[in-house]
Amino acid sequence: FRFSKMPKKKKSSKNQKSRKGDSEVKRELIIREEGQEYAQVFRMLGNGRLEAVCVDEKKRLCHIRGKLRKKVWIAVGDIILLGLRDFQDDKADVILKYTPDEARQLKSQKELPEWVKINETVDLMDQLGSDSGESSDDAFDFDEI
């Protein structure tokens with residue numbers, strides 16, 4: 001028996017590597033339509049889900065659709081476009097992630113409200129005012145018990 005060797009994998013240097021998704025191609029700015037809403041990512045939940053604060057100041061549980069799941073990385077504070085569900089008002093689907101430049105364009109066109117911060121990780125609920133009525137004081141006094 002004669003064993004043939006597998007060809008060796010050619011090594012490439014750091015400078016020669018081409019990265020997926022690094023293409024700086026300008027795309028057309030997508031404005032929301034009926035049944036869609038802008039939102040800012042509030043918290044990542046894992047398993048392709050996240051919690052976002054929409055511009056109508058509602059917190060929604062969002063599902064990242066399969067087309068974006070492994071290709072577009074979404075982080076806390078990113079501006080996204082959501083597809084609202086007719087049958088579930090508290091849930092939505094992520095359609096698109098805006099780049100910081102696109103988000104600035106939307107803000108200058110008055111599509112996004114003034115409270116939306118771009119490229120800043122801030123406590124969104126403090127800015128909106130605590131809409132759930134919870135106090136931010138998590139401590140308790142043992143004398144009261």
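Small disclaimer: the values here were computed from a predicted structure and weren't measured.
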Interatomic distance, NZ@Lys67 vs CZ@Arg69, rounded to 0.5 Å, equals 15.5 Å

Side chains of Arg85 and Asp93: does their closest heavy-atom pair fall under 4.5 Å? yes

Interatomic spacing from NZ in Lys59 to CZ in Arg43 - rounded to 0.5 Å: 5.5 Å

Do Tyr98 and Gln105 touch side chain to side chain, with heavy atoms closer than 4.5 Å? no

State plainly whether the residues Lys58 and Asp89 are in salt-bridge range, i.e. N to O under 4.0 Å. yes

Any chance you could lay out the side-chain contact (heavy atoms from CB on, under 4.5 Å) test for Lys26 and Thr99, step after step, and finish with the verdict? CA-CA 10 Å; Lys26 287 279 187 188; Thr99 63; over 6 Å; no

Is there a chain of hydrophobic side chains (I, L, V, M, F, W, Y, each step under 4.5 Å between heavy atoms) that links Ile74 to Leu82? yes

Do Phe42 and Val76 have side chains that approach each other closer than 4.5 Å (heavy atoms only, starting at C-beta)? no

Side chains of Leu50 and Ile80: closer than 4.5 Å at any heavy-atom pair? yes

Please check: side-chain N/O of Gln109 versus main-chain N/O of Leu106, any donor-acceptor pairing under 3.5 Å? no

Should Glu111 and Ile31 be marked as a side-chain contact (heavy atoms from CB on, under 4.5 Å) after you check the CA-CA gap, both sets of side-chain angles, and the distance that decides it? CA-CA 8 Å; Glu111 289 283 333; Ile31 309 285; 3.7 Å; yes

Student check: side-chain heavy atoms of Ile118 and Lys107 closer than 4.5 Å: yes

Asp78 versus Gln40: any side-chain heavy-atom pair under 4.5 Å? no

Close side-chain approach of Glu37 and Val55, heavy atoms under 4.5 Å: yes

Heavy-atom closest contact (Ala103 atom, Ile79 atom, distance): CB-CG1, 3.7 Å

Would you indicate whether the side-chain heavy atoms of Lys97 and Glu102 approach each other to under 4.5 Å? no

Quick check: does any side chain N or O of Tyr38 sit under 3.5 Å from a backbone N or O of Cys54, one acting as donor and the other as acceptor? no

How far apart are the closest heavy atoms of Ala92 and Leu84, and which atoms are they? CB-CD2, 4.2 Å

With clusters built from Ile, Leu, Val, Met, Phe, Trp and Tyr whose side-chain heavy atoms come within less than 4.5 Å, directly or transitively, what are the remaining members of the cluster of Leu61, listed by chain and number? Leu45

